[in-house]
Amino acid sequence: MSLTLTCPICGKRNGYEFRYGGEDKGPRPEEEGLTPRSWCDYVHMNKCVAGVQKEWWFHRDGCGSWFTTYRNTVTNLEVEGPEAKE
Amino acid sequence: MFGKYKPLWGEKTRLKSSYDAVIIGGGLHGLATAYFLAKEHGMKNVAIIEKNFIGFGGAGRNTAIVRANQRTQINVPLYKEALDLWPVLTKDLDFNLMFNNCGNLNLMHSEAAMNAARMNIATAQFHGVESHLLDAKQVKEMVPALNISPDITYPIHGAMYHPPGGIVRHDAVVWGLAKGAVKLGAEIHQQTEATAIHTENGKITGVETSRGKIHTPRVLVSAGGYSAGIISQMLGVKLPISVLTIQAMVTQPLKPILNHVVSSGAYHCYANQTLKGEIATGAHMDPWPNYTTLTTAYYIKHQAQALSEFLPCLRGIKFMRHWGGLADMTPDMAPIMDGNDPIDGFYMNCGWGYFGFKSCSSTGKYLAEYMATGSCPDILKPFNLRRYERHELMGETAALVNYSPDN
Ligand SMILES: Cc1cc2nc3c(=O)[nH]c(=O)nc-3n(C[C@H](O)[C@H](O)[C@H](O)COP(=O)(O)OP(=O)(O)OC[C@H]3O[C@@H](n4cnc5c(N)ncnc54)[C@H](O)[C@@H]3O)c2cc1C
Ligand SMILES: [Zn+2]
């Protein structure tokens, strides 16, 4: 189940160099009018998709970049996102 | 496996078009719930819908460790009842579950850890669960194979010793419960995948399966690592869960050397000797969500390194088999059991991560009560989903696990 990820700066690297940063949930919600439920939604709740998801990664043992990428959680392979196809 | 053979629990039956309750997932928790629904509440018109075969999930992949020395007052009573139930179930199901209460030794590698253990032990003793603190010398006397020398990465300072825990044969639990549930009237439908859950005006009305539609007012999602994906995809209810693959492995068989379950948080490793003589060991997971259940060379190496430090007599021993399964992790390392919120008749039982084998009996019993009466038994109330938005996380872990980042 080897994983490789493409860092925007360092290129394709071994997955163990990175730290997973969670499902992409869009922008952080505005503080104004924020309810415990919507904050909890942002902080804790996941879709747990069996398939392709957009997610955050941190190049911990590398350049320190945070970036998003697409990965298929069933095959554990990084895949091209919809943006790339446009 | 399916062909001409008759299942252990009896003849195959036709899938009906309506049931009083449908249970999605033929794992430990689903089977236990069906068993207790029939046994204690007379609810027998129940179908267990299993996508593959019973025991396909964590039920058939776990390392079978049972114990009741958890961290919080909320969790301990549920696990204690489960531990006390093994001999009772063995008798009631008339099926040898091979409960080997050899005791668990949880190694401590610092004085801070020893203090944390004192706290854990006090909680256990308060709830009538036997648990003691041992120093390094006592640990060595109990398990001579352990290395208590100070020159290893994480020297052993002592251990939390929990005599009533041990190992239960996991496949026997699956078979015993399946047989028991069907004998009392429940139906098991293998090779039947739930594909949608139907609701109307906030109430459950049925389940769509790969073999047709079922009408029912009650659905329990008890699909182990697949639950969070199912619930989010079919009902739009998101859960605070990350699904990771956890691995385990066994060595070649050896003469008896280890008569306890030994575990170490610092080494991220546990080990026990099976009745066949293999050392069963595991604990780690690749820290990114995935549904592959594939194994990695990375962890064979990790496991070999850890074991050769604290059980040095295992150096050079070969691993024979290595496998993976899913662990659905919550941020507080405690499960989510809830019902009728936000949909009437919808029940869920998930977030059991890598520790949901030991609890299946008591959980099944209380979930059955919940589903039969519609009201939540007190013991399950704290495990509701809304605890996360109320910021009432359970603290089953000293440090917040974040399987998203780090770890
Ligand atoms: C390697 C490993 C080691 C472990 N070690 C321990 C241990 O030592 N002690 C301990 O207490 N716990 C341990 N666990 C955890 C334990 O195995 C799980 O918590 C437990 O199996 C959960 O039980 P369950 O009944 O909820 O789910 P499972 O046993 O996983 O069963 C879920 C079932 O749902 C089915 N399913 C999925 N999707 C669908 C669908 N759409 N329709 C119909 N059916 C579906 C699956 O096929 C599966 O059979 C371990 C787990 C693993 C993987
Ligand atoms: Zn980089």
Side-chain angles (χ1 to χ4, degrees), chain A residues 1-7 12-26 28-29 33-62 64-79, chain B residues 51 223 225-247 285-299 301-302 322 324 326 328-332 336 342 350-351 385-393 400 402-407:
Chain A
M1 193 178 58
S2 61
L3 170 67
T4 54
L5 291 162
T6 314
C7 170
K12 201 166 162 151
R13 304 287 305 174
N14 184 324
Y16 290 109
E17 290 181 7
F18 299 84
R19 164 192 180 193
Y20 179 68
E23 294 179 5
D24 179 55
K25 301 173 186 178
R28 183 188 164 112
L34 189 64
T35 61
R37 183 169 300 177
S38 50
W39 181 239
C40 175
D41 216 51
Y42 181 69
V43 175
H44 290 306
M45 299 303 178
N46 289 321
K47 288 187 182 153
C48 300
V49 170
V52 175
Q53 71 176 20
K54 187 179 181 187
E55 56 190 27
W56 284 95
W57 287 89
F58 168 52
H59 199 181
R60 186 190 51 211
D61 301 344
S65 296
W66 277 94
F67 59 96
T68 58
T69 187
Y70 291 83
R71 185 177 56 107
N72 186 334
T73 60
V74 176
T75 57
N76 203 30
L77 294 173
E78 195 179 25
V79 296
Chain B
K51 178 176 174 179
Y226 303 93
S227 299
I230 288 178
I231 292 168
S232 144
Q233 192 205 328
M234 297 186 191
L235 296 169
V237 176
K238 286 192 288 176
L239 299 180
I241 281 179
S242 301
V243 183
L244 285 84
T245 290
I246 183 165
Q247 307 178 35
M285 18 197 193
D286 277 325
W288 45 78
N290 71 88
Y291 288 92
T292 62
T293 72
L294 293 179
T295 55
T296 46
Y298 193 85
Y299 281 124
K301 190 172 155 215
H302 167 93
H322 181 195
L326 299 184
D328 52 336
M329 307 301 298
T330 61
D332 53 0
I336 300 166
C350 53
L385 173 59
R386 303 230 183 252
R387 73 177 186 267
Y388 297 96
E389 70 188 49
R390 284 197 298 265
H391 206 61
E392 291 169 357
L393 274 68
L400 257 200
N402 205 340
Y403 285 101
S404 335
D406 226 38
N407 204 302

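Excluded from the calculations below are hydrogen atoms, water molecules and symmetry mates; all remaining heavy atoms, backbone and side chain alike, are included. Lettering of chains follows the sequences in order, A, B, ..., and the numbering in each one begins at 1. Quantities reported herein were computed from a predicted structural model and do not represent experimental measurements.
Atoms CH2 and OH, from A/Trp56 and A/Tyr20 in turn, are 12.0 Å apart once rounded to the nearest 0.5 Å. Taken to the nearest 0.5 Å, the OG1 atom of A/Thr68 stands 13.0 Å off from the CZ atom of A/Arg71.
Using a 4.5 Å cut-off between heavy atoms, A/Trp57 contacts chain B through its side chain alone, with no backbone atom that close. For B/Arg390, no part lies near chain A; criterion is any non-hydrogen pair under 4.5 Å.
Distance alone, capped at 3.5 Å, places no donor-acceptor pair between the A/Lys54 side chain and the A/Asp24 backbone.
Taking the six-membered ring for Trp and thresholds of 30 and 60 degrees, A/His59 and A/Phe18 have nearly parallel ring planes, at less than 30 degrees apart. In this pair, B/Tyr226 and B/Tyr291 present their aromatic rings parallel. The plane angle is below 30°, not in the 30 to 60° band.
Scanning residues 229-241 of chain B against chain A with a 4.5 Å non-hydrogen threshold yields B/Gly229, B/Ser232, B/Lys238, B/Leu239, B/Pro240, B/Ile241, sorted by number.
Every residue two or more places apart in sequence or in another chain was checked for a side chain to side chain donor-acceptor pair (under 3.5 Å) with A/Asp61, and none qualifies.
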Q: For A/Thr73 and A/Gln53, run side chain to side chain donor-acceptor pair (under 3.5 Å): C-alpha distance rounded to whole Å, both residues' side-chain angles, the deciding distance at 0.1 Å, then the answer.
A: CA-CA 7 Å; A/Thr73 60; A/Gln53 71 176 20; 5.6 Å; no
